[in-house]
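Structure record follows, encoded as C-alpha cells.
Predicted model only: the values in this text are computed from it and were never measured. Here is the naming used below: chain letters follow the sequence lines, and residue numbers restart at 1 for every chain.
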Amino acid sequence: MYRVVSESGSGGVLVQSVELTADGVAPSAAPQTLTEAEFHAYVLDEEPDATRWVWDDTARWYPGLLRAGIRVQRAHDLRLSHAILRNSELTADSGLARAAPTQWDGASAIADASAVAPATLFDFFASEPGSSDSDDSESAGGDALAEFTRQMDAVATSAEPAGLRLLLAAESVGALIAAEMQFAGLPWRTDIHAQLLTAELGPRVPYGTRPSRLEQLAGQIRTALGDPVLNPDSPQDVLKSLQRAGLRVTSTRAWELQELTHPVIAPLLEYKKRSRLLTANGWYWMDTWIVDGRFRPDYVPGGVVTGRWAAKGGGALQLPKQVRGAVVADDGWKLVVADAAQLEPRILAALSRDMAMADAGRGTDLYAGIVARGVVETRDQAKIAMLGAMYGATSGESGRLLPSLAKAYPRALALTEAAARAGERGDVVSTRLGRSSPRPGERWLATQAQAYDPAASSTDERRARSEARDWGRFTRNFIVQGSAAEWALCWMAEIRKALLVLGVQHPQPESTGAAAGPFSEAPHLVFFLHDEVIVHAPAERVEQVVALIHEAAARAGRLLFGEFPVDFPLTVAVVDSYADAK
DNA sequence: TCTGCATGCAGC
DNA sequence: ACGCTGCATGCAGA
C-alpha cells in the first residue's frame, strides 16, 4: 500500500492512499486532510501495515516524525527518484524524462533549461502549485500524486524495471537512514576531544588566536628560514621564503616538502598538520557541531553525481583519523565498525562478470589474491594497478602495471575501457541499477565540435583530446563508484531492516516514551562513510549485530548481482572507541 | 567590504 | 596529466 503525503493548503497534511494496478497508480480511498498531530497518529497506526510513504522530500517530513518518536519502514522520495529517472538512459523515452523541467527538477535545472528554451519557463510557472484554478490543497496533493504516477509509469515502461525499482527503493531508504542517523547522532566525547586538542596545540585559546604550540613551531620555521616576519599560514609567503632559502619547490604541499632535506621541513610539516587540526576540527568546530555529546551532520543522500552521499557542514565524510578517538560508545554500549574490503574492485569484477577476478577475491584479500596468482609481485602493486584501472591512470607505476592486469583480467579491464571510450565520445554510461552519468556540458561539446572544424588549430585539437580523455576518466570511474554506492545503499538497507527486527524482538520499555526517541534502547546506525558503517549497540547485543551486518553484505551482493559468485567480505571491529577500529 | 577562485588537505 | 567530494583560508579583483 502506498500513501502519498503532501502539504494541504492550510498547513495540514493531505494523505492519499493509492495502489499500483496494471494500469498504473489508482486511488484506493478518499483523500484525508489531517492536522500534524493526527498525521503522527495516522502514521503510527498504519506503519505496521507494510505501507510505503510517498513524499516530496524525506528531509522535510521524516525529522518531525522522528522527534515524535515514530519510525517508518519504507518510503519513496519523489525528489531523489525524480532526479534518477529524469537522467537515466533506461527511462529516456518516458513522459517524465521528455517533459520540460518542473519544480521536481532542481532550481538549477530549470534555470539551465529556461536559458536555452524560453518556453519551458512558462511551462514551469504554469505548473507551480497555487497557479491553477483548483484549490490549494488539491493542487498540492495532486502534484505529488501526479509525479508519483509519472515515476511509476517511467519505471514500468523502462527496459529494466526491476533494477530501477531497487534503485529507487535503495535511494529512498538511504534518505530515511540519513535522517535517522542525524537524529541519533554519532556519540562524541568532548572531554576526550578537548584533551587531544590541548595535547597537540596547547591550552585552549580564543578564536582567531594562534595556540602556543603553533606559535612555537612558527618561531622555529622563521628561525630556520631566517625570515622573522614570515606568516606560516600564507602558502605564498612560505613558498617565496623556501625558494629564497635555496629550496627548489613549486608548492608548499606536504608530499613535496617531504622529499627535501632542510631544518625547516620538520617544523613546517608539524605546523601544517596541527594547524589543519585547529581549523578543521578545533575548539570552534567542537562548539558548533557537538551538541549533548552527539555529532549530527547534515547528510545529503544522492548529493554526488555518482550516487554517493555528500554532507554539508561539519565535514562528516572527511572525519580525520586524528580525532576519531573522541568517538566513544556510551557506557555499556559498543561501536560495531564495519567496512567492505576492496569494495570497488569487487564491484568491477561483478559488473564485468570477470570470474578470474572474482576468484582472486574469494574469501580473502583481493589484492593478496592477485599477487597469489602471479599477476604482480606485491600487494601494493596490485592495489596501485587496480586503482589505476578504475581511475584511468596512464603513466607512472600504475600505467606500467596495467598490461599485466589486463592480461589476467581481460573482462574487467574491457569494461572500464569501454566506459572510458563512451565518455570520450560524449555518450552516457550507467551503473548496475540504472543511474546514468550526466551528459557533457555545452562547453565540452563545443570544444569537441571545434576540433572537427577544418580550420581547427593543433591547440584546439589537443585541448579537445585532453577534455575528451578527462570525461572518459570520469565515466570510467562513474560506473564503478556509482555501482559501489548502490551496493552500499543496499547493504545499509539490509542492516537497517535486520536492526528493526532486533528492535521488535526487544521492545522498548513503555516508560522510555517518545521524548527519548526511537533509538535509546536498540542497536542503531550512527555513521556511514561510502563503504563503512558504524552501529551503536548495547554490549550484550554486539554478537547479533556483527552477524547481521555480515549477512546484510551477502544479501546486498545478491540483490545487485544475483548468483554471480563474488564475495563481499567485511572487516568488522567491536570497539569502545572509533580510533581502535583500524 | 564583498565575492569568487586557488590552494591545500581531510575522506572514500 | 589518476576518479568523486567539503571545508577553511588566503588572495585578487569587483
Phosphate contact (C/dC2 OP1 or OP2) by A/S395 side-chain N/O below 4.0 Å: yes
note: A/L257, atom CG; B/dC9, atom P; distance rounded to Å ~ 8 Å
Figure out the CD/P separation between A/E270 and B/dC9, and round it to whole Å. 14 Å
Among the candidates C/dC4, B/dG11, B/dG8, find the nucleotide nearest to the side-chain atoms of A/H530. B/dG11
Base, sugar-phosphate, or nothing for A/V305, non-hydrogen atoms under 4.0 angstrom? sugar-phosphate
Check every atom of C/dC11, C/dT9, C/dC4 against the side chain of A/Y207 and return the nucleotide holding the closest atom. C/dT9
Working to the nearest 0.5 angstrom, can you tell me the gap between A/L176 CG and A/M181 CE? 11.5 Å
Nearest whole angstrom, please: distance from the P of C/dC2 to the CD of A/E344. 17 Å
Nearest to side-chain heavy atoms of A/E532, which nucleotide of C/dA1, B/dA10, B/dC12: B/dC12
Between A/H550 and A/W491, is the ring centroid distance below 6.0 Å? no
Which nucleotide wins on minimum distance to the side chain of A/T279, given the candidates C/dG3, B/dA10, C/dT9? C/dT9
Is A/Y271 touching bases, backbone alone, or none of the nucleic acid, heavy atoms closer than 4.0 Å? nothing
Measure from the side chain of A/F474, starting at C-beta and using heavy atoms only, and say which of B/dG8, B/dG11, C/dG3 lies closest. C/dG3
Please check the phosphate of B/dG8 (OP1 and OP2 only) for any side-chain N or O of A/R253 closer than 4.0 Å. yes
Do A/D287 and A/R204 sit within salt-bridge range, that is, some charged N less than 4.0 Å from a carboxylate O? yes
Go nucleotide by nucleotide along DNA chain C from the 5' end; which of A/R473 and A/Y284 gets its closest nucleotide reached first? A/R473
Starting at CD of A/E424 and ending at C1' of C/dC2, how long is that distance when rounded to a whole Å? 14 Å
Does the side chain of A/S81 reach to within under 4.5 Å of the side chain of A/S172, using non-hydrogen atoms? yes
Could you check whether A/A484 gets within reach of a base, just the sugar-phosphate, or nothing at all, counting any heavy atom under 4.0 Å? nothing
Under 4.0 angstrom between A/T252 side-chain N/O and B/dG8 OP1 or OP2: yes
Just checking A/A310: base, sugar-phosphate only, or nothing, at a heavy-atom cut-off of under 4.0 Å? sugar-phosphate
Distance, nearest 0.5 Å, that separates CH2 of A/W289 from OH of A/Y284: 10.0 Å
Specify the separation, in whole Å, of atom OH of A/Y391 and atom P of B/dG11. 14 Å
Protein-nucleotide distance (A/L269, atom CG; B/dG8, atom P), rounded to Å: 13 Å
Please report the distance, rounded to the nearest Å, between CE in A/M390 and P in C/dC4. 14 Å
Checking all strands, does A/R324 fall into the base, sugar-phosphate, or nothing category for heavy-atom contacts under 4.0 angstrom? sugar-phosphate
Reckon A/A311 touches a base, only the sugar-phosphate, or nothing at all at heavy-atom distances under 4.0 Å? sugar-phosphate
Between A/R346 and A/D567, does any side-chain N to carboxylate O distance fall below 4.0 Å? no
Quick one: is A/K321 getting a side-chain N or O under 4.0 Å of the B/dC9 phosphate, OP1 or OP2? no
Base, sugar-phosphate or nothing for A/D233? Non-hydrogen atoms, less than 4.0 Å. sugar-phosphate
Taking OP1 and OP2 of C/dC11, is either one under 4.0 Å from a side-chain nitrogen or oxygen of A/S234? yes
Take the protein atom CZ of A/R469 and the nucleotide atom P of C/dA1, then report the distance between them rounded to whole Å. 8 Å
Does the side chain of A/K272 get closer than 4.0 angstrom to OP1 or OP2 of B/dC9 through an N or O atom? yes
Base, sugar-phosphate alone, or nothing: which one does A/Q322 contact when heavy atoms must sit under 4.0 Å apart? nothing
So, is A/T394 near the phosphate of C/dC2, with a side-chain N or O under 4.0 Å from OP1 or OP2? yes
Check this for me: does the side-chain of A/Q236 come within 3.5 Å of the base of C/dG10 through a donor and an acceptor? no
Salt bridge check: are A/K383 and A/D380 linked by an N-O gap of less than 4.0 Å? no
Sugar-phosphate only, base, or nothing, as touched by A/R308 at under 4.0 Å among non-hydrogen atoms: base
